[in-house]
2 protein chains.
Amino acid sequence: MTNLTDTFAALSDPTRLAVVERLMAEGELPAGRLVKQSDISAPAMSRHLKVLRQAGLVEQRTQGTSRLYSVRPEALKSISDWTLDHRAFWQASMDRLATHLALQDED
Amino acid sequence: MTNLTDTFAALSDPTRLAVVERLMAEGELPAGRLVKQSDISAPAMSRHLKVLRQAGLVEQRTQGTSRLYSVRPEALKSISDWTLDHRAFWQASMDRLATHLALQDED
DNA sequence: CGTTTAATTAACGGATTCGTTAATTAACGT
DNA sequence: ACGTTAATTAACGAATCCGTTAATTAAACG
């Protein structure tokens, strides 16, 4: 099991966050495809993918000379779970804020 | 409005994640209190708090010579919203996984 | 006004991050 | 076995991060 800080670190880079979002939207994709629509080199992308893999955010499988990457849903769930663990805190505050704004609208 | 990658970056350091979690659990606390139960110096903590503040995760108010820090719920909500935006992806996968494991248990 | 308390900013060193180009590994087709 | 395609690892430099100690700012109090 990887640490939550590692998950956050993996998603703290714009290139990596974009990769994860694209893989979620389009599903499994080869590394080369991810390189094409980025403005960095293949080696740079390769190391970003390694970071994502080591953080448990993506997994890799080989097909011919290509490596296909996809998002591991467990990683996403661990983030969601973390926000839910603390939801009692931020939800109440947000509700207060929403109520306050709604009352202001009535003026 | 701050970027989501900045939010993730702020939470990618164990000291900062611990600070945020403690502030959520205990509410507003002075910087000095956060230093005490950490094993880093006051200047180091001060810069961590600055990172959290610039990422919009905490806010600060002054009381006497102390600075009181608290978590901004909006930041937490933005993370929760992000997971919900992609929930359709990971939820379905997790459900499949759960079903699969349940079927295995029956063997 | 000088002192104490609380916290920050300044300055510096070591480690890590992120990009590049060059070299290497891996799988496939002939 | 050889060449091609796809991707990774190696090697290096610039920038950023994170810790430290020393110096500075800010508020409160006699």
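Proteins get letters first, then strands, A, B, ... in listed order; numbering begins at 1 in each.
- In this structure, A:Asp13 places its CG atom 17 Å from P of D:dA15, rounding to the nearest Å.
- Among all heavy-atom pairs drawn from B:Arg67 and B:Gln60, the shortest one is CD-NE2, 3.9 Å.
- The 5' end of DNA chain C is approached more closely, in terms of each residue's nearest nucleotide, by B:Leu68 than by the other of B:Leu68 and A:Asp39.
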Measure all distances between protein nitrogen or oxygen atoms and nitrogen or oxygen atoms of nucleotides 24-29 of chain D, and list the pairs falling under 3.5 Å.
none

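- The two residues A:Ala75 and A:Leu57 make their nearest non-hydrogen contact at CB-CD2, 3.6 Å.
- Distance, B:Arg33 CZ to C:dA6 P: 12 Å, rounded to whole Å.
- Remark: B:Tyr69 pairs with no residue by the ring-ring contact (aromatic ring centres under 6.0 Å, His included) rule, at least two apart or across chains.
- Residues A:Val51 and B:Leu11 fall into different hydrophobic clusters, defined by Ile, Leu, Val, Met, Phe, Trp and Tyr side chains chained together at heavy-atom separations under 4.5 Å.
- A distance-only check finds a donor-acceptor pair linking the side chain of B:Arg16 to the backbone of B:Ala10 [under 3.5 Å].
- Remark: the backbone N or O of B:Thr83 is paired with a side-chain donor or acceptor of B:Trp90 at under 3.5 angstrom.
- Rounded to an integer number of Å, the gap from A:Arg61 CZ to D:dA7 P is 13 Å.
- A:Ile40 has its CD1 atom 16 Å from the P atom of C:dT17, to the nearest Å.
- A:Leu17 has its CG atom 13 Å from the P atom of C:dC18, to the nearest Å.
- Proximity of the aromatic rings of B:His86 and B:Trp82 is defined here by a centroid distance below 6.0 angstrom, and this criterion is met.
- Less than 4.0 Å separates DNA chain D from at least one heavy atom of each of the following residues of residues 41-60 of chain A: A:Ala42, A:Pro43, A:Ser46, A:Lys50, A:Gln60.
- Ring geometry for B:Phe8 versus A:Phe8: interplanar angle under 30°, hence parallel rather than tilted (30 to 60°).
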